[in-house]
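Written below as structure tokens is the structure these notes are about.
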Amino acid sequence: MTIYRAVEFQGMVVSRRDYKERDMLVTMYTDRFGYRTFYVRGAHKRGFRLAAAILPFTWGTYVGNVNDDGLSYINAAKNLQQWAGLYQDIMLNAYGTYLLELTQHAVRGDLALAQQWFSRIRRALAMIDDGLDSQVVTNIVEVQLWRCFGVMPHLTDCVVCHEQTPPFDFSLEMGGLLCQRHWSRDSRRLHLDAHTVYFLRQFTVLNLERVNQIDIRPATKRNLQLVIDRVYDHYVDLQLRSREFLRKMMVAPDLQVRRKGANSDQKK
């Protein structure tokens with residue numbers, strides 16, 4: 001077991017849960033060590049000096065002992081910021097929680113991959129907090145994480161004949177796009193419109209750092225969500241509580257209320 005003592009790292013608070021009477025276990029996504037769980041002693045004590053540092057959707061610079069196996073420990077924190085929108089808005093909270101949990105499963109066991117994705121996820125959360133379209137930002141990340149799960153539908157041209165001229169449709173069974181001449185190959189193709197296919201292809205290569213505005217019509221967004229969900233269900237089959245909760249929120253507008261101090265803590 002390797003122990004990194006008093007090391008400095010960038011981190012985002014993913015979730016936390018009570019441990020014993022006064023302590024907490026805090027899961028963080030870090031730039032150097034990927035996802036780690038930290039044992040925070042005395043977290044429930046009045047006036048606890050690191051109280052702000054372990055609030056959900058807080059990010060900044062941390063100092064602590066990081067263990068390859070077992071629990072790690074936080075000793076200090078500085079330059080802290082919180083994504084207040086993600087913390088206070090129940091819908092944004094649901095998107096942020098889902099993105100962090102999905103990424104945790106996507107990069108699990110691969111430190112280099114976790115390091116590679118750290119800045120992308122931080123950027124995605126910042127975009128959602130800044131008011132950009134939460135669903136679209138999440139969809140972009142979902143599409144780009146396909147490769148981490150060992151899934152990459154063929155979206156460059158027709159999977160059968162490599163025709164590059166639209167129209168195209170998407171086939172789960174064939175593993176990608178079909179040109180019009182080969183739609184008969186899959187009677188259960190998804191019947192996507194041209195706008196949906198266009199954005200789906202763009203999402204695979206889009207750099208989030210260059211996105212400052214999002215404007216996609218509702219019908220296209222619904223279709224994008226449909227195909228992305230179908231790909232995850234068909235190829236990945238990952239059961240996440242945060243995904244189930246988010247989907248319920250998306251189909252129940254009456255639940256999409258703004259609630260100050262929404263709690264993103266998840267017991268695992």
Side-chain angles (χ1 to χ4, degrees), residues 1-20 22-45 47-87 92-93 95-130 137-138 141 144-145 147-148 207-209 240 242 264-268:
M1 179 178 69
T2 303
I3 302 177
Y4 303 90
R5 299 189 182 279
V7 293
E8 187 172 285
F9 55 89
Q10 297 289 310
M12 299 178 273
V13 178
V14 176
S15 63
R16 62 185 194 172
R17 60 188 175 94
D18 294 340
Y19 184 72
K20 298 182 178 179
R22 295 186 175 183
D23 309 332
M24 277 189 175
L25 296 179
V26 179
T27 299
M28 299 182 66
Y29 185 10
T30 73
D31 63 338
R32 294 179 59 183
F33 308 103
Y35 284 79
R36 284 288 192 275
T37 298
F38 295 85
Y39 175 44
V40 183
R41 190 186 303 275
H44 285 296
K45 291 181 180 179
F48 178 60
R49 64 185 180 86
L50 292 176
I54 59 174
L55 288 173
F57 296 112
T58 295
W59 64 279
T61 302
Y62 295 81
V63 178
N65 296 347
V66 181
N67 302 333
D68 278 346
D69 297 311
L71 300 176
S72 300
Y73 302 87
I74 298 172
N75 303 323
K78 60 183 179 181
N79 302 325
L80 297 174
Q81 299 184 49
Q82 187 187 53
W83 290 301
L86 287 164
Y87 182 61
L92 302 187
N93 189 295
Y95 275 108
T97 300
Y98 168 60
L99 274 183
L100 288 167
E101 187 179 11
L102 180 67
T103 306
Q104 184 174 9
H105 283 270
V107 305
R108 179 168 290 171
D110 191 328
L111 181 57
L113 200 58
Q115 293 170 337
Q116 173 188 333
W117 271 90
F118 180 84
S119 60
R120 298 192 207 180
I121 297 304
R122 186 169 63 182
R123 169 60 178 166
L125 294 175
M127 292 170 70
I128 293 174
D129 190 68
D130 287 341
V137 173
T138 300
V141 175
Q144 295 186 3
L145 281 174
R147 193 178 298 275
C148 300
N207 184 345
L208 287 174
E209 294 291 344
L240 301 179
S242 59
S264 68
D265 295 1
Q266 290 196 18
K267 295 186 179 181
K268 298 183 178 179

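Every heavy atom of this structure was used, including side-chain atoms; hydrogens, water molecules and symmetry mates were not.
Between Trp59 and Leu125 the shortest side-chain heavy-atom distance does not fall below 4.5 Å. For the pair Asp31 and Arg122, the minimum side-chain heavy-atom distance is 4.5 Å or more. Between Met24 and Asp18 there is a side-chain heavy-atom pair separated by less than 4.5 Å.
Between the Ser72 side chain and the Asn67 main chain, a donor and an acceptor come within less than 3.5 Å of each other. No donor-acceptor distance shorter than 3.5 angstrom exists from the side chain of Glu209 to the backbone of Arg120, with no hydrogens or angles considered. Of the possible polar contacts, none joining the Arg32 side chain to the Phe9 backbone as a donor-acceptor pair under 3.5 Å is found. A side-chain donor-acceptor contact under 3.5 Å links Thr103 to the backbone of Leu99.
Aromatic pair Phe33/Tyr62: ring centres not closer than 6.0 Å.
Shortest non-hydrogen contact noted between Val13 and Ile54 is CG1-O, 3.8 Å. Summarising the geometry of Tyr39 relative to Tyr73, their closest heavy-atom pair is CD2-CE2, 3.3 Å, with the distance given to 0.1 Å.
Within a 6.0 Å sphere centred on CZ of Arg22, heavy atoms belonging to other residues, nucleotides or ligands number 12 at most.
In this structure, Arg36 pairs ionically with Asp68, as a charged nitrogen and a carboxylate oxygen lie closer than 4.0 Å.
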